[in-house]
Number of protein chains: 2
Amino acid sequence: MVRPERRTVRDLRRGNRAVLLRALYFAGPTSRHELTALTGLSAATVSNVTGDLLADNIIVEAGLVDSDGGRPRVLLRVNPTYGFAIGVDVGETHVRVELFDLDMNELAKSEFALRPGAHEVDVVVRHVLSGIDAVVADSGVAPSKVLGVGVGVPGIVERGPEAMIHAQTFGWDSVPLGTLLRAGTPFPLHIDNGAKTMGQAEMWFGAGRGSQHAVIALIGSGVGASIIADGMTYRGANSSAGEWGHTKIAIGGRDCRCGGRGCLEAYIGAEAVLERAGIDVDTSTEQAAFAELVTSGSPVVDETVEYLGAGLANLINLFNPERIVVGGWAGLLLGQHLLTTIKQKAAENCLTQPYSTASIVLGRLGPDAVALGAATLVVDEFLLSTTSSSVSREPAVS
Amino acid sequence: MVRPERRTVRDLRRGNRAVLLRALYFAGPTSRHELTALTGLSAATVSNVTGDLLADNIIVEAGLVDSDGGRPRVLLRVNPTYGFAIGVDVGETHVRVELFDLDMNELAKSEFALRPGAHEVDVVVRHVLSGIDAVVADSGVAPSKVLGVGVGVPGIVERGPEAMIHAQTFGWDSVPLGTLLRAGTPFPLHIDNGAKTMGQAEMWFGAGRGSQHAVIALIGSGVGASIIADGMTYRGANSSAGEWGHTKIAIGGRDCRCGGRGCLEAYIGAEAVLERAGIDVDTSTEQAAFAELVTSGSPVVDETVEYLGAGLANLINLFNPERIVVGGWAGLLLGQHLLTTIKQKAAENCLTQPYSTASIVLGRLGPDAVALGAATLVVDEFLLSTTSSSVSREPAVS
DNA sequence: AATACATAGTCTATATCTTGAAAAAAGTCA
DNA sequence: TGACTTTTTTCAAGATATAGACTATGTATT
C-alpha cells in the first residue's frame with residue numbers, strides 16, 4: 001500500500017528534469033516560457049533545468065519566434081541525434097530490426113524471413129543479434145550512442161532480467177529471451193509483448209495520441225489488445241494483461257487454437273474467419289484472401305463483425321476507455337470497409353453511458369509498427385532517467 | 001503525457017508525510033526504526049516527520065517493545081480518534097449510514113428501509129442527510145472532527161463536484177447527487193459506485209489485503225466488479241470501468257434487464273438464475289430461495305457455475321490479477337458450496353499462465369461492507385493529505 | 001553497584017532544491 | 001535614441017533530506 005515516490009531533494013531534480021524532457025519530447029519545439037505552463041514549474045527552474053540539459057547536449061536550440069515587441073523566444077527541442085534506439089519485431093514470418101534516432105526517423109533496417117512454423121529459439125536469437133549488428137553498422141551510429149534495444153515478441157513476457165517468454169504460437173514455453181540476448185549484445189534490453197509495443201506506438205504517434213485511457217485492439221491471424229490506463233501500458237501482476245483474444249464470447253463455442261472453446265479469436269481472428277468461410281490458405285496467401293473475403297458480402301463477415309462489435313463492447317464496459325483503436329492487418333481491413341457497422345454492433349452490445357464517451361477509430365500506423373513501438377520502450381526509459389550518473393535502477397529489461 | 005508529480009521541496013515533505021502515515025496506518029503499531037525500512041526514508045526524516053505528526057496529534061505513541069539489550073522501541077500508531085469517517089450505503093432495499101473512527105470501529109449506525117422499486121431521489125437524499133445527522137448525534141462526535149462522508153451508490157458515478165449518477169436499476173438518469181447532498185451537509189463528500197467501495201473494503205480489510213492487482217467480483221441480484229490496478233481502484237476515463245455484469249458471454253443469448261442480450265448477468269445474477277430455474281420470488285424471499293437452489297443440485301446451478309467460471313477467466317485473461325475475490329451475497333453462497341468447481345471451470349476457460357498466477361478466494365467481509373468501503377474513501381483522502389494547511393486540491397467529490 | 005555493550009532516536013552541519021523578485025537580455029515602436 | 005514589451009537569467013531566501021555524531025535507555029557482565 002505504500003508507494004514510495006520521490007524522497008530526497010535530489011530525486012526532485014531528477015523528477016522535474018524528466019517531466020520537462022517529456023513535455024519537450026511530445027510538444028515538439030517549445031520555448032522556456034511555454035514550458036513553465038506545460039510543466040507547472042517556475043520560470044527559474046525551467047531555466048535551470050534546461051541549462052543542464054543544454055549543457056549535456058540532450059536538448060538543443062531550434063530557432064526563434066518573434067513576439068510582438070519583446071525579446072523573441074528561443075525554441076528548444078530534444079536533440080534527435082543525442083542517442084539512438086533499436087526496435088526489433090519478432091513476428092510469425094520474420095524478424096525485423098530497425099534503428100531510429102530520437103525523432104523516430106528510421107536510419108537503418110534489417111530483415112530476416114522465418115519459415116512458417118519454424119521458430120527455433122536459437123535461430124531467432126541469431127537473427128536478432130546479427131540484425132542489431134547490421135543496423136548499427138549500416139547507420140554508422142557509434143555503439144556508445146545506442147540507448148538500448150526494444151524487442152516485441154508474441155506471447156506473454158514475464159518481467160525481470162530473464163524476460164521469460166511463453167508463446168504458444170511459437171512453441172516457446174519458458175524461454176529466457178532476455179538472458180539469451182544479453183549474452184550477445186551490450187545494449188540495455190527492453191522486451192515486451194508485440195501487441196503492447198504496437199499499442200505504445202499508436203499511443204505516441206498514431207490514433208491514440210492525446211488520450212489517457214485507451215485500448216488498442218489488434219486483429220491479425222490472432223487477436224490481442226494493449227490496454228492504456230492513465231497514459232501508461234497496463235500490464236497487470238505478471239505482464240500478461242490484455243489477452244483479449246482468448247476471452248470467452250460463446251460458452252462451448254468453436255474450438256480455438258489455444259485449446260479452449262468459444263474464444264473471441266476463434267470468431268474474429270483472420271485464420272479462424274477464413275476457416276469458417278471454408279477458404280483454405282497458407283500464411284503467404286492469407287492476407288489477400290482475407291481482403292477479398294471482407295468485400296465479398298459473405299455472411300461469415302457479417303457474423304465476424306457482430307462478434308467484433310461485442311468484443312469491443314466488452315472492452316468498453318470493463319475498461320471505460322475514451323478511445324478504442326482498431327489495428328492489426330485484419331482489423332484494419334475490416335475497419336476500412338465496415339467501421340460503421342462495427343460501431344453499431346458495439347453500441348448494441350454496450351452500456352449506453354460508457355459507449356457514449358468512447359470513440360472507436362482505426363489505427364494509423366499500419367500493421368508494421370511493432371518495431372517502432374519496441375523502440376519507444378527505449379525512448380520511454382530515456383525520458384524517465386537521462387541522468388546516466390544516477391545509481392542502479394531496476395534491471396533494464398521490462 | 002506529462003505527469004507532473006512532486007515539484008517543490010515542500011511537496012516532498014507532504015509526499016513523505018503521506019507515505020509515512022499510510023505505512024503506519026496499514027502496518028499498525030510500528031516503531032520509528034521499522035518505519036525507516038518500510039518507507040525507505042532515513043531515520044532522521046522519520047524522526048522529523050513523526051515529530052510533526054505527533055505534534056498535530058495525528059499519530060500517538062502506543063507502548064514500548066523491548067529489544068535484546070538496547071533502548072526499547074516506541075511504537076507509534078495513527079490516533080484513532082483524530083477524526084471520524086461516515087460511510088453511506090445506498091442499496092436497493094435500504095439506506096444505511098455508519099460512523100467510524102479511524103480504526104474503522106463502528107460508533108453509530110442509522111438505517112432506513114426503502115420500499116422495493118421506490119427510489120425517489122428526494123427520499124434517498126433525505127434519508128442520507130438525516131442519517132448523517134443521526135450518527136453524528138448518536139456517537140457524540142464533534143462535527144469538526146468528521147473528516148468526510150463517503151457514499152456508495154448503484155450505477156455509474158461521474159467524477160466531479162456534481163457526482164452525476166446514472167443508475168438504471170434505480171431509474172436514476174443523470175442525478176447530480178453530489179450537488180443535492182452538499183446542499184444539506186457541510187462535510188466533504190466522496191461519492192462512488194457501491195461495488196467499488198465494497199471492493200476497496202475487501203482490499204483494505206478483507207480478502208484482498210496485500211495484493212496490488214486484484215479484481216473483486218460482486219454477484220448479487222446484479223453483477224459488478226471492482227478492479228484494483230497497482231493498488232488503486234481503476235476507474236477508467238469516466239469512472240464506469242468494471243461493468244463486468246454486462247459483458248457479453250453469449251452472442252444473441254438470454255435477455256438481460258439492461259435491455260441487451262447475452263450479458264453475463266443474465267446467467268449468473270441471482271435474479272436471472274432464479275428465473276432460469278423457474279422459481280418466482282420477490283426481493284424479500286430472493287436470498288433464501290437462492291440459498292436453497294444452490295444446494296439442490298439443480299442443473300441450472302451447474303450451468304451458472306460454468307458461466308461464472310468463464311466470466312472469471314475473462315477477468316483473469318484481461319487484467320492478469322494476482323487475486324480474484326468473489327463477493328456479493330449470491331457470490332458468497334455459490335462460493336461456499338462450489339468454489340472448487342468454480343475454480344475448475346475458470347481454469348478450463350483461461351490461459352494457463354495467467355491462471356496459474358491468480359488465486360481465487362472468497363470475500364471475507366460479508367455482503368454488507370458497502371458503507372465500510374465508502375468510509376475508506378474518506379480515510380484514503382485523509383492519508384493522502386493530512387496537511388489541512390495545504391492549498392486547494394481537486395474538488396473533494398470523487 | 002559499576003561498567004561495557006547494544007539499540008533507538010535526535011541533533012547538527014551540509015549540500016540541494018525551488019521559488020519569487022529583481023535584473024538582464026533582446027527585441028519593437030515611435 | 002529612448003520608452004516599452006517580453007523572455008530569460010541571476011540571486012537571495014526558505015525549506016528539505018541525509019550522514020554522521022551524539023544522546024537516551026535499556027541489558028549483560030564483572
Side-chain angles (χ1 to χ4, degrees), chain A residues 4-21 23-24 29-55 59-77 387 389-391, chain B residues 4-21 23-24 29-55 59-77 387 389-391:
Chain A
E5 299 182 8
R6 315 249 152 280
R7 268 180 285 277
T8 159
V9 84
R10 211 123 181 207
D11 298 318
L12 233 182
R13 172 73 124 191
R14 252 199 292 281
N16 284 340
R17 188 174 156 121
V19 164
L20 204 149
L21 192 58
L24 210 45
T30 313
S31 73
R32 293 175 179 79
H33 196 67
E34 290 169 297
L35 283 172
T36 64
L38 248 62
T39 61
L41 298 168
S42 70
T45 301
V46 169
S47 186
N48 262 334
V49 176
T50 53
D52 278 9
L53 291 170
L54 279 166
I59 65 176
V60 291
E61 299 194 344
L64 300 179
V65 168
D66 295 2
S67 62
D68 338 334
R71 176 174 176 172
R73 299 176 240 193
V74 178
L75 296 181
L76 302 172
R77 56 169 305 184
T387 43
S389 61
S390 93
V391 272
Chain B
E5 299 183 7
R6 315 249 154 280
R7 267 180 285 277
T8 160
V9 81
R10 215 126 181 201
D11 298 317
L12 233 182
R13 173 72 118 188
R14 251 200 293 280
N16 285 340
R17 187 174 157 119
V19 164
L20 204 149
L21 192 57
L24 211 44
T30 313
S31 73
R32 292 175 178 79
H33 195 69
E34 290 170 297
L35 282 171
T36 63
L38 248 61
T39 60
L41 298 169
S42 70
T45 301
V46 169
S47 187
N48 263 336
V49 176
T50 52
D52 279 8
L53 291 168
L54 279 167
I59 65 176
V60 292
E61 299 194 344
L64 301 179
V65 168
D66 295 3
S67 64
D68 341 332
R71 175 173 174 174
R73 299 176 240 192
V74 177
L75 296 181
L76 302 172
R77 57 169 304 184
T387 44
S389 61
S390 93
V391 273

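Reminder, nothing fancy here: chain letters follow the sequence lines and each chain counts from 1. Here the structure is a predicted model, which is why all the values come from computation and not from measurement.
Going from atom CG of B:Leu41 over to atom P of D:dT16 covers 14 Å, rounded to whole Å. Distance CZ (B:Arg73) to C1' (D:dA24): 16 Å, rounded to an integer number of Å. What separates CG of B:Leu35 from P of D:dT18 is a distance of 14 Å, to the nearest Å. The CZ atom of A:Arg10 sits 7 Å away from the C1' atom of C:dT16 (whole-angstrom rounding). Distance, A:Arg14 CZ to C:dT16 P: 13 Å, rounded to whole Å. Atom CG of A:Asn48 is separated from atom P of C:dA15 by 18 Å (rounded to the nearest Å). Nucleotide C:dG9 holds its C1' atom 16 Å from the CG atom of B:Asp52, rounded to whole Å. Distance CD (B:Glu61) to C1' (D:dT25): 14 Å, rounded to an integer number of Å.
OP1 and OP2 of C:dT16 both lie 4.0 Å or more from every side-chain N or O belonging to A:Arg13. OP1 or OP2 of C:dT19 has at least one side-chain nitrogen or oxygen of A:Ser42 nearer than 4.0 Å. Of the side-chain N and O atoms in A:Arg71, none sit less than 4.0 angstrom from OP1 or OP2 of C:dT28. Residue A:Thr45 has a polar side-chain atom (N or O) positioned under 4.0 Å from OP1 or OP2 of C:dT19. Considering only side-chain N and O atoms, A:Arg32 lies under 4.0 angstrom from the phosphate OP1 or OP2 of D:dT9. The phosphate of C:dT18 has OP1 or OP2 within less than 4.0 Å of a side-chain N or O from A:Asn16. Remark: A:Thr8 is not in phosphate contact with D:dA17, judged by side-chain N or O atoms under 4.0 Å from OP1 or OP2.
Looking at the side chain of B:Val9, the nearest of the listed nucleotides D:dT8, D:dA15, D:dT18 is D:dA15. Taking every side-chain heavy atom of A:His33 into account, D:dT8 is the closest of D:dA15, D:dG26, D:dT8. Each of C:dG20, D:dA17, C:dG9 was ranked by its minimum atom distance to the side chain of B:Leu12; first place goes to D:dA17.
Comparing A:Gly70 and A:Ser31 by the nucleotide of DNA chain D that holds the closest heavy atom to each, the one mapping nearer the 5' end is A:Gly70. Residue order along DNA chain C, read from the 5' end via each residue's closest nucleotide, puts A:Val46 first among A:Leu64 and A:Val46.
Looking at B:Pro72 and B:Val65, their side chains never come closer than 4.5 Å, going by heavy atoms from C-beta outward. B:Leu76 places a side-chain heavy atom less than 4.5 Å from the side chain of B:Glu61.
Residue A:Val49 forms a side-chain contact (heavy atoms from CB on, under 4.5 Å) with just one option from A:Ile59, A:Val19, A:Leu35, A:Leu20, and that option is A:Leu20.
A:Ala43 approaches A:Thr36 most closely through the heavy-atom pair CA-CG2, 3.5 Å. When all heavy atoms are compared, the tightest approach of B:Asn48 to B:Arg13 is CB-NH1, 3.7 Å. Across every non-hydrogen atom of A:Ser31 and A:Leu75, the tightest pair is N-CD2, 3.7 Å.
Backbone-only engagement by A:Val74 is indicated by non-hydrogen atom pairs under 4.0 Å involving sugar-phosphate atoms exclusively.
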